[in-house]
Structures are given as C-alpha cells and as structure tokens.
Novice: 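One structure is given below, represented as structure tokens, and several questions about it will come after.
As a basis for the values below, the full set of heavy atoms in this structure was taken, side chains included, without hydrogen atoms, waters or symmetry mates.
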Amino acid sequence: MTVLRTLKNDELTVQLIGRLETVTAPKLEKQLGDSLQGVKTLIMDMTELEYISSEGVRVLCSVQKTMNEQGRMIVRNVNEDVMDVFETAGAIDVLMIERA
C-alpha cells in the first residue's frame with residue numbers, strides 16, 4: 001500500500017493506494033500517529049483503495065477516536081467493496097463517510 005500525505009495549514013489529507021490489510025495496517029497506524037499533532041481536520045481519501053480488511057477498519061476507528069479529541073476525520077471516496085466491509089464491521093456508525 002502507498003500512503004501519500006499532504007499537509008495544508010491544520011488539514012492533513014492522506015491518500016491510500018492499494019490494499020489496507022493485516023500487514024499494511026500497523027504501518028499506516030504508526031505513520032498517522034506520527035503525523036496528527038496539530039491537525040484539526042484529517043481527510044482519508046480512498047479513491048484508489050482497492051481493499052480493506054478488518055484490521056484496516058480497526059486502525060481507522062482508532063484514528064477516528066484520536067481525531068474526535070482534536071478535530072474531525074472525514075473518509076472520502078469509498079468504493080462499494082470497502083463500504084461493504086465498513087457496513088459489516090459496524091464502522092459506518094463510527095466513521096464520518098462521504099461517498100463519491
């Protein structure tokens with residue numbers, strides 16, 4: 001998985017490309033943990049995310065909890081396959097999702 005980050009003022013956009021699964025999820029969690037200081041808005045752009053596992057959903061929910069304390073997180077451009085996983089995992093009640 002490739003992670004592209006763009007910081008503009010206090011807004012961080014993270015573009016996920018590829019597959020967010022058991023092997024890549026902990027790496028993303030560490031990268032985000034190191035990048036969130038001072039961020040008020042986190043945008044997770046999933047335009048090019050092909051797949052997400054339950055471990056990936058867990059990471060996003062964890063990051064959502066952090067962002068609830070300092071601002072907000074928006075999950076954007078979710079494809080149908082990823083949305084199905086969010087629904088199955090119950091994450092649609094936790095994440096702020098904007099569909100394409």
Novice: Around atom CZ of Arg58, are there more than 12 heavy atoms of other residues, nucleotides or ligands at under 6.0 Å?
Specialist: yes
Novice: Please report the shortest heavy-atom distance between Lys40 and Gln70, naming the atom on each side.
Specialist: CD-O, 3.4 Å
Novice: Could you give me the CA-CA distance, side-chain angles and deciding distance for Met44 and Leu32, then say whether side chain to side chain contact (heavy atoms under 4.5 Å, CB included) is met?
Specialist: CA-CA 11 Å; Met44 301 298 294; Leu32 289 177; 4.1 Å; yes
Novice: Would you give the length of the straight line joining atom CG of Leu16 to atom OG1 of Thr47, rounded to the nearest 0.5 angstrom?
Specialist: 9.5 Å
Novice: Are any of the side-chain heavy atoms of Leu49 and Asn79 separated by less than 4.5 Å?
Specialist: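 No, too far: nothing below the 4.5 Å cut-off.
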Novice: Please give me the minimum heavy-atom distance between Met73 and Leu95, naming the atom from each residue.
Specialist: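 Shortest heavy-atom contact: CE-CD2, 3.6 Å.
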Novice: Who else is in Leu4's hydrophobic cluster (ILVMFWY, side-chain heavy atoms under 4.5 Å, direct or via others)?
Specialist: Ile17
Novice: Give a yes or no on whether the backbone of Ser53 and the side-chain of Thr22 come within a donor-acceptor separation of less than 3.5 Å.
Specialist: no
Novice: Nearest heavy-atom pair of Val78 and Met83: which atoms, and what distance?
Specialist: CG1-N, 3.5 Å
Novice: Of all heavy-atom pairs between Pro26 and Glu21, which one has the smallest distance, and what is that distance?
Specialist: CD-O, 4.5 Å
Novice: Going by heavy atoms in the side chains, are Leu36 and Val63 under 4.5 Å from each other?
Specialist: yes
Novice: If Ile, Leu, Val, Met, Phe, Trp and Tyr residues are connected whenever their side-chain heavy atoms lie under 4.5 Å apart, and connections chain through other members, are Met46 and Ile74 in the same group?
Specialist: no
Novice: Quick one: pull up CD1 in Ile43 and CD in Glu11 and give me the separation to the nearest 0.5 Å.
Specialist: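 Here the rounded value is 3.5 Å.
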Novice: Rounded to the nearest 0.5 Å, what separation is found between the CD1 atom of Ile97 and the CG atom of Asn77?
Specialist: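 Answer rounded to 0.5 Å: 12.0 Å.
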Novice: Among the clusters formed by ILVMFWY side chains lying less than 4.5 Å apart, do Val75 and Val3 turn up in the same one?
Specialist: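 Same hydrophobic cluster.
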Novice: What heavy-atom pair brings Arg5 and Gln31 nearest, and what distance separates the two atoms?
Specialist: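 Between these two residues, the closest heavy atoms are NH1-O, 3.4 Å.
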Novice: Give a yes or no on whether a salt bridge exists between Arg76 and Glu98, defined as a side-chain N under 4.0 angstrom from a carboxylate O.
Specialist: yes
Novice: For the hydrophobic clusters of this structure (ILVMFWY residues joined by side-chain heavy atoms under 4.5 Å, transitively), does one cluster hold both Leu20 and Ile92?
Specialist: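 The answer is yes; both residues are in one hydrophobic cluster.
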Novice: Side-chain contact, heavy-atom cut-off 4.5 Å: Val39 with Met67?
Specialist: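 In contact.
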Novice: Could you give the distance from CG (Leu12) to OG1 (Thr41), rounded to the nearest 0.5 Å?
Specialist: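 Nearest 0.5 Å value for the CG-OG1 distance: 10.0 Å.
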Novice: When rounded to the nearest 0.5 angstrom, what distance separates CG in Leu60 from CG in Leu28?
Specialist: 7.0 Å
Novice: Measure the CG-CE distance between Asn68 and Met96 for me, rounded to the nearest 0.5 Å.
Specialist: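 Rounded to the nearest 0.5 Å, the CG-CE separation comes to 8.5 Å.
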Novice: Report yes if some heavy atom in the side chain of Val57 is under 4.5 Å from a heavy atom in the side chain of Phe86; otherwise report no.
Specialist: yes
Novice: Please find the pair of heavy atoms, one from Gln15 and one from Glu48, that lie closest to each other, and give the distance.
Specialist: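 Closest approach of Gln15 to Glu48, heavy atoms only: NE2-OE2, 3.0 Å.
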